[in-house]
Amino acid sequence: MEEKIKGLIIDALAESQGINEDELNEIGLELSRNANNDHGDFSSNIALKLASKLKSPPMKLAEEIIGSLETPAELELAECVKPGFINFYLSAEKKHSVLETIMKHGRDFGSSCAPEKMRVLLEFVSANPTGPLHVGHGRHAAFGDSLARLLKKAGHEVFTEYYLNDAGRQIDILCLSVILEMLRDEGLELKNINGLYKGTYIKEISQALIKEGFEINKKILIPKLDGSADEIVDALILEMKNVIGSELFQKISDKTVSRMTKLLKDDLSDFRVKQDGFYSEKSLFSKGKIEEACEIVKKNGNAYEKDGALWLESSKYGDDKDRVVIREDGRSTYFASDIAYHHDKKMRGFDLLINVLGSDHHGYVSRLEAGLASTGNKASDLDVILMQFVTLYRGKKKIQMSTRSGNFVPMRDLYSEVGVDAARFFYVSRSHDQHLDFDLDLATEQNNNNPVYYIQYANARIKSVLNENKKRGYVFDEGIGKANLVKLDLTIEEEIISLLGKYPETILKSSETRAVNKIANYLKSLAQLFHSYYGSTKFVSEDEEIRNARILLLICVSTIIEDGLDILGVSSPLKM
RNA sequence: GCCCCGGUAGCUCAGCAGGAUAGAGCGUCGGAUUCCUAAUCCGAAGGUCAGAGGUUCGAAUCCUCUUCGGGGCACCA
């Protein structure tokens, strides 16, 4: 319809002002859809835009345009208003037809609206497997999973992935922490060492390994603890590998990582977050992907050697300075892994790579782009979404996020307390580039304050009305409903229908801007209109025609609420 | 020093590919339940959209500066 009206305007402009399409393209023809029906269903500002160019008052122009405007049956009226807007009013039949579309397509209404379908690799969370996921990761998880659902809804093919940092120093430290815990468990007295991982999960893993029959020589020598915490830890790792043998160390390391990974997967899946794949950093080494990437970079003339290290000339691609890829001692940097990993993503055939990262990684973005460019890919294929931080509150009281030993509040604690529905909704209700204050009290309140329940309740009320309809011996007749849509002429009904009609463009816009929170806002508005409608109108009435028409409308509202909530990973209870 | 994000009602926030009177909820005040779920609804009061310039017929929205707050600038991961 939008295109049709635009076409009409173009014709009218040509006739009344002698403006051709090229001239028009310069100015840009916009047609906006209006929320409140004060200004019609669509409006155009074209007369205002043309006024200065044609040196003619906008109102006069608008009148002339309308004068030569054809009006098809779907259009009831076109009028010009005060500053120079042209407002279009659709016929009632046309406006109501969206309900028929929703009845026909059901939950597929608004699906596949993206004009260009892409293969997307969406990477999110990717936290080191050295501890349970905390409330900050929770936001990444909720956002990433919802974005995946949203992009799929819009018609894209989406693969979600978790990059598992299962190699490197942090993993050695994790493994060391577990081994020392095993020794402790066997009665060895050990001083606390800074920089090691603590927490019940370390204990659990060490005990599980002991049960599996892993043994550590108790006569292990702890080297003198001199130097900085980092130096001590590194010395311990080296010593441990020597004493127990790097083979056993590696075995324990593998066991530990796989147990940690299981823990992460459970944290995520219990939060209804689905990762299609876990990509192992270690596999980059074993499959030679890092050397491969280095070769490509060198071949493309984007690397050089200096001070015994291999440097990527990332400054060539917009980074502040060049970066080390292979260290002096021959070990590759984390950045090297990332170059190889992102190149591999492209090789797997994805058009678009989306990374959800913490906002503290923003300095890393240009480096990633440079890495991608230096392997011969387009930097613009990478879309990094930076996530701002989360602060927990209990009412007005800020909750200490981490203890002195560096333990964060686990995300599982959060969603166990407030429930998965509330947690997911709250996490996603604000734009990713804004700080999130997560109020645990608010998330569990059962009233108007709490948008999750407000929306769910709207849907539950609809289900209840449908039941009541049956209970009174009526059978919903879609045919009668469709035939009487024109009777839905209350202002509130028109507002609801208009909002339902905006669902596809909401999906499109929020998927394009990765703004999952727009879905949450949309649902809030829809629920609000519904509750108001509920309070003012009787649905199960004796009049068969209006009853079926209204119930049809309610079914449409319910369809959209359920679909929208599902994008957010929130359930739609039938009863509350 | 450089870079990213933000400042909208007393509070928490929507609105931001420019558009017509800036919206919700809470809180305050006043109402609604013989009726399909009151986890609801209706009404009132409440604003220099941080400040100053600029672009435009038109700016909360775009640009510049200032200011306040959060975060970042490794041969760490």
Side-chain angles (χ1 to χ4, degrees), chain A residues 28 30 32 34-36 38-39 43-45 47-52 57-58 81-85 87 126-128 130 165 167-171 173 230 281 306-311 320-321 323-329 331-338 358-366 386-389 391 393 396 429-435 437 439 442 445-454 456-458 460-469 471-472 509 512-513 517-518 520-521 524-525 527-528 530-541 550-551 554 575-576:
Chain A
E30 297 164 33
S32 58
N34 297 326
N36 57 345
D38 293 355
H39 306 303
S43 65
S44 172
N45 56 3
L48 287 161
K49 286 194 146 188
L50 281 172
S52 60
V81 185
K82 286 166 270 177
F85 288 105
N87 294 337
S126 299
N128 283 347
T130 51
N165 296 114
R169 181 165 176 266
Q170 294 306 315
I171 296 300
I173 297 175
D230 275 354
E281 184 190 2
K306 194 181 93 182
D307 306 331
L310 183 71
W311 293 70
D320 304 340
K321 52 182 175 185
R323 311 280 173 178
V324 170
V325 180
I326 309 288
R327 284 179 268 237
E328 221 178 324
D329 59 11
R331 284 152 53 234
S332 60
T333 59
Y334 182 81
F335 182 41
S337 296
D338 258 336
S359 61
D360 53 334
H361 283 67
H362 107 262
Y364 201 68
V365 176
S366 54
L386 295 174
M387 188 71 69
Q388 294 289 327
F389 295 140
T391 314
Y393 283 85
K396 287 229 155 74
S429 61
R430 296 204 59 185
S431 170
H432 61 85
D433 53 18
Q434 290 194 248
H435 290 260
D437 289 337
D439 185 341
L442 183 62
E445 270 178 46
Q446 301 197 334
N447 56 38
N448 217 340
N449 276 350
N450 191 333
V452 196
Y453 292 107
Y454 186 76
Q456 287 180 323
Y457 184 50
R461 272 182 145 181
I462 293 175
K463 298 299 182 196
S464 167
V465 171
L466 299 183
N467 278 336
E468 185 65 23
N469 192 49
K471 233 198 278 176
R472 295 197 195 171
K509 195 170 175 181
E512 278 177 346
T513 56
N517 62 313
K518 285 199 197 308
N521 290 333
K524 262 189 256 176
S525 311
Q528 192 168 22
F530 167 76
H531 283 307
S532 174
Y533 186 32
Y534 185 98
S536 65
T537 317
K538 195 169 176 179
F539 305 129
V540 185
S541 72
R550 284 182 176 158
I551 286 181
L554 295 192
K575 258 189 201 169
M576 292 177 74

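Every chain is numbered from 1, with letters handed out A, B, ... down the list of sequences.
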Query - Trace of the side-chain hydrogen bond (donor to acceptor under 3.5 Å, both in side chains) decision for A/D433 with A/S431 - result: CA-CA 5 Å; A/D433 53 18; A/S431 170; 2.7 Å; yes
Query raised in the report: Which is true for A/Q528 with a 4.0 Å heavy-atom rule: it touches a base, it touches only sugar-phosphate, or it touches nothing?
Result: sugar-phosphate
Query raised in the report: At their closest point, which heavy atom of A/E328 faces which heavy atom of A/D307, and how far apart are they?
Result: CG-O, 3.3 Å
Report task. Look at all strands and tell whether A/N45 reaches a base, only sugar-phosphate, or nothing, counting heavy atoms closer than 4.0 Å. Result -> base
Report task. Determine the contact category for A/D439: base if any of its heavy atoms lies under 4.0 Å from a base atom, sugar-phosphate if only primed atoms, P, OP1 or OP2 are that close, otherwise nothing. Result -> nothing
Query raised in the report: How is A/A460 classified with respect to the nucleic acid when contacts are heavy atoms under 4.0 Å: base, sugar-phosphate, or nothing?
Result: base
**Report entry** Consecutive-pair stems (3 or more, Watson-Crick or G-U, under 3.5 Å) for RNA chain B
**Finding:** B:1-7 with B:67-73, B:10-13 with B:23-26, B:28-32 with B:40-44, B:50-54 with B:62-66
Query raised in the report: With respect to the side chain of A/V81, which nucleotide from B/U40, B/A20, B/G71 is positioned closest?
Result: B/A20
What does the list of N/O pairs under 3.5 Å between the protein and nucleotides 32-34 of chain B look like, with a distance for each?
none

Query - Sugar-phosphate, base or nothing in reach of A/K321, heavy atoms under 4.0 Å - result: sugar-phosphate
Query - Residue met sooner reading RNA chain B from 5', once A/K306 and A/S359 are mapped to nucleotides - result: A/S359
Query raised in the report: How are the rings of A/H435 and A/F389 set to each other: parallel, tilted or perpendicular (split at 30° and 60°)?
Result: perpendicular
Report task. Check every atom of B/A77, B/C57, B/C36 against the side chain of A/K49 and return the nucleotide holding the closest atom. Result -> B/C57
Identify all pairs in which a protein N or O lies below 3.5 Å from an N or O of nucleotides 43-47 of chain B, and state each distance.
none

Report summary line: Among B/G72, B/C36, B/G19, the one nearest any side-chain atom of A/D360 is B/G72
Query raised in the report: Touch check for A/K575, heavy atoms < 4.0 angstrom, all strands: base, sugar-phosphate only, or nothing?
Result: base
Query raised in the report: B/A77 base to A/S337 side chain: any donor-acceptor pair below 3.5 Å?
Result: no
Requested in this report: State whether the side chain of A/R550 and the backbone N or O of A/K538 hold a donor-acceptor pair below 3.5 Å, judged by distance alone.
Outcome: yes
Query raised in the report: Residues two or more places apart in sequence or in another chain: which of them pass salt bridge (charged side-chain N to carboxylate O under 4.0 Å, His left out) with A/K518?
Result: none
Requested in this report: With RNA chain B as reference, determine whether A/A309 or A/L466 sits nearer its 5' end, using the nearest nucleotide of each.
Outcome: A/L466
Report task. Return yes if the base of B/A77 and the side-chain atoms of A/D338 contain a donor-acceptor N/O pair under 3.5 Å, otherwise no. Result -> no
Report task. For B/A17, take OP1 and OP2 only and decide whether either is under 4.0 Å from a side-chain N or O of A/T513. Result -> no
Query - A/H362: ring pair (Phe, Tyr, Trp, His ring centres under 6.0 Å) partners, not counting sequence neighbours - result: none
Requested in this report: Show the numbers, then the answer: is there a side-chain contact (heavy atoms from CB on, under 4.5 Å) between A/Y393 and A/L442?
Outcome: CA-CA 9 Å; A/Y393 283 85; A/L442 183 62; over 6 Å; no
Query - Distance-minimising heavy-atom pair for A/A47 and A/G84 - result: CB-O, 3.4 Å
Query raised in the report: Hey, is A/K471 close enough to A/E468 for a salt bridge, meaning N to O under 4.0 Å?
Result: yes
Query raised in the report: With sugar-phosphate meaning primed atoms plus P, OP1 and OP2, does A/R472 contact a base, only sugar-phosphate, or nothing at under 4.0 Å between heavy atoms?
Result: sugar-phosphate
Query raised in the report: Would A/Y534 pass as stacked on B/U40, i.e. its ring centre under 5.5 Å from the base's six-membered ring centre and planes under 30° apart?
Result: no
**Report entry** Per-nucleotide protein contact string for nucleotides 4-15 of chain B, where B marks a base within reach and S marks sugar-phosphate only (heavy atoms under 4.0 Å, - for neither)
**Finding:** SSS------SSS
Query raised in the report: Think A/R461 forms a cation-pi with A/Y534, using NZ or CZ under 6.0 Å from the six-ring centre and within 45 degrees of its axis?
Result: yes
Query raised in the report: Going by an N to O cut-off under 4.0 Å, is there a salt bridge joining A/R169 and A/D230?
Result: yes
Query - Candidates B/C73, B/G19, B/U40 - which lies nearest the side chain of A/D320 - result: B/C73
Query raised in the report: Any side-chain N or O of A/K509 under 4.0 Å from OP1/OP2 of B/A17?
Result: yes
